[in-house]
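Data block below; observations after.
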Amino acid sequence: MTFKNLILVILCISFSGCFSAPIAYITNQGSNTVSVVDIKKKKIRQEISVGNGPVGIAISLKQSYAYISNANDSSVSVLDLQRNEVIKTIKLNGTPVGITKSTNEDYIFVSDWFNSEIYVIETKSLVVIKKMTVGKSPSGIICDTKGKYLFISNRDENTVEIYNQSDLNLVNKIKVGMHPYGVFVNKDLLFVVNVLDDSISIVNTSSFASETIKVGDHPYGVVSDLNNHFAFVTNTQDDNISVIDLKSKKEVKKIKVGGNPEGIDINEQNNMLITSNWRSDSISIIDLEKQEYLYEIKTGKQSRSFGQFIKID
């Protein structure tokens, strides 16, 4: 092999790594499983049994684990992504729903719906090291990429709480719309879905100023693109996604997807949005650039995937 050909081979390998296949880990509340879905091949690789009533998911690339909140049996399943098997079940005392990782991936935060608490799990030992009392019915939960804040939506008091990640002290509590649920943060914007108001609140994480934009019926999850040009919101009762132009602060398009879309995640590397559809037991794939529906893949029963669920394989 000549030196020139060797360089070409190395470049091909490098570029193929840049366009690796996205894998979606979909929690199925009705079948107590996680579907491991190969998006490009449009098929389920594996169906993995987890706890009872899996809802939320957080993927830690540092440990190559996925953490699954099981709402119906008060536990978190730890899924090894190399072997695609559960290696531990962490027992809790409440109703875990939202789940996310700290920015440095040293901790997992789990919202306890009924006890209004947050569990802090150390990822090295896989044990609960702390519980903290928060607002009423904590739901969505996420950390920013800077390692500064932890954000929690409290459904039954219509607030978002902001905590320092470093010491878990409360920084601010902000009133939002009715029944805030899904949350997403990108750069200096926090997006909060208000289920009963059919809206999203957008909070500036520097000034803590907020504004509200109307979306579809009973929204659930939200993401934005890398540069915050658009936000995308799942509307569970409309079976579609609202596309929000963040410059004009208006809904500019609706994209039809599967029945009762709940979870949503974004993968700009492969130019796609993915929704998990509770009623149609499926995920929908959307072309991110064209903002058009592409295809649907069947999953387990009552798919939710509340959190960030895409991993690049």
Side-chain angles (χ1 to χ4, degrees), residues 24-27 34 50-51 54-71 75-79 81 90 92 94-113 115-124 126-132 134-135 137-155 159-168 170-171 180-187 189-193 203 205 220-224 234 262-267 274 276 304-311:
Y25 289 81
I26 306 300
T27 62
V34 169
V50 289
V55 176
I57 181 166
I59 292 177
S60 171
L61 297 178
K62 188 174 180 179
Q63 291 84 17
S64 195
Y65 289 163
Y67 298 86
I68 316 296
S69 62
N70 303 305
S75 72
V76 169
S77 297
V78 183
L79 178 62
L81 300 182
I90 304 170
L92 308 175
T95 305
V97 177
I99 188 167
T100 196
K101 62 186 178 183
S102 63
T103 308
N104 61 14
E105 302 193 8
D106 288 343
Y107 304 98
I108 296 295
F109 303 104
V110 187
S111 63
D112 181 348
W113 177 275
N115 293 326
S116 298
E117 293 179 327
I118 299 296
Y119 287 88
V120 183
I121 298 170
E122 185 184 57
T123 56
K124 184 177 180 180
L126 297 179
V127 298
V128 176
I129 61 168
K130 184 182 178 68
K131 286 197 299 183
M132 48 190 284
V134 294
S137 300
S139 310
I141 183 167
I142 197 166
C143 291
D144 63 17
T145 57
K146 299 176 183 177
K148 189 173 184 180
Y149 293 135
L150 165 68
F151 304 94
I152 303 163
S153 63
N154 300 310
R155 195 199 71 161
T159 63
V160 168
E161 289 180 313
I162 302 172
Y163 290 84
N164 280 323
Q165 280 192 59
S166 58
D167 54 17
L168 296 180
L170 180 65
V171 175
Y181 202 76
V183 292
F184 186 77
V185 64
N186 185 20
K187 296 185 176 178
L189 295 182
L190 171 69
F191 302 87
V192 186
V193 174
V203 179
T205 59
Y220 184 94
V222 59
V223 293
S224 70
T234 56
E262 294 199 353
I264 185 168
D265 203 357
I266 189 167
N267 177 220
I274 301 175
S276 57
R304 299 195 71 179
S305 275
F306 186 39
Q308 282 67 61
F309 54 81
I310 299 174
K311 172 182 175 289

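Everything numeric here is computed off the predicted structure, so don't read it as measured data.
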Geometric class of the Y181/Y220 ring pair [parallel <30°, tilted 30-60°, perpendicular >60°]: tilted

Contact between [X] and [Y] at the side-chain level, heavy atoms closer than 4.5 Å - yes or no?
X: L168; Y: L150; answer: yes
X: I57; Y: R304; answer: no
X: S116; Y: P138; answer: yes
X: F151; Y: V203; answer: no
X: W113; Y: R155; answer: yes
X: Y163; Y: M132; answer: yes
X: Y149; Y: N164; answer: yes
X: Y67; Y: V78; answer: yes

Is the count of non-hydrogen atoms from other residues, nucleotides or ligands lying under 6.0 Å from K146 atom NZ greater than 12? no

Out of [options], which residue meets the side chain to side chain contact (heavy atoms under 4.5 Å, CB included) rule with [X]?
X: V128; options: V76, L92, V120; answer: L92
X: I118; options: V110, D112, I152; answer: I152
X: D144; options: T205, I162, T103; answer: T103

Backbone of [Y] reached by a side-chain donor or acceptor of [X] within 3.5 Å:
X: S75; Y: N70; answer: no
X: T27; Y: G56; answer: no
X: S153; Y: G140; answer: yes
X: S77; Y: I68; answer: no

Give, for atom [atom1] of [X] and atom [atom2] of [Y], the distance between the pair rounded to the nearest 0.5 Å.
X: N154; Y: I141; atom1: CG; atom2: CD1; result: 9.5 Å
X: K101; Y: I59; atom1: NZ; atom2: CD1; result: 7.5 Å
X: T100; Y: Y107; atom1: OG1; atom2: OH; result: 15.0 Å
X: I264; Y: T234; atom1: CD1; atom2: OG1; result: 6.0 Å
X: F306; Y: S139; atom1: CZ; atom2: OG; result: 6.0 Å
X: S60; Y: L81; atom1: OG; atom2: CG; result: 8.5 Å

Going through the distances and angles, do Y65 and T123 end up as a side chain to side chain contact (heavy atoms under 4.5 Å, CB included)? CA-CA 9 Å; Y65 289 163; T123 56; over 6 Å; no

Side chains of N104 and S102 only: does a donor on one sit below 3.5 Å from an acceptor on the other? yes

Any chance you could lay out the side chain to side chain contact (heavy atoms under 4.5 Å, CB included) test for L61 and K311, step after step, and finish with the verdict? CA-CA 8 Å; L61 297 178; K311 172 182 175 289; 4.2 Å; yes

Between N267 and I274, is a side chain to side chain contact (heavy atoms under 4.5 Å, CB included) present by the stated rule, with each step listed? CA-CA 8 Å; N267 177 220; I274 301 175; 5.9 Å; no

Please give me the minimum heavy-atom distance between P180 and V192, naming the atom from each residue. CB-CG1, 3.6 Å

For D106, run the side chain to side chain donor-acceptor pair (under 3.5 Å) check against K62, Q63, Q165, K124 and tell me which one passes. K62

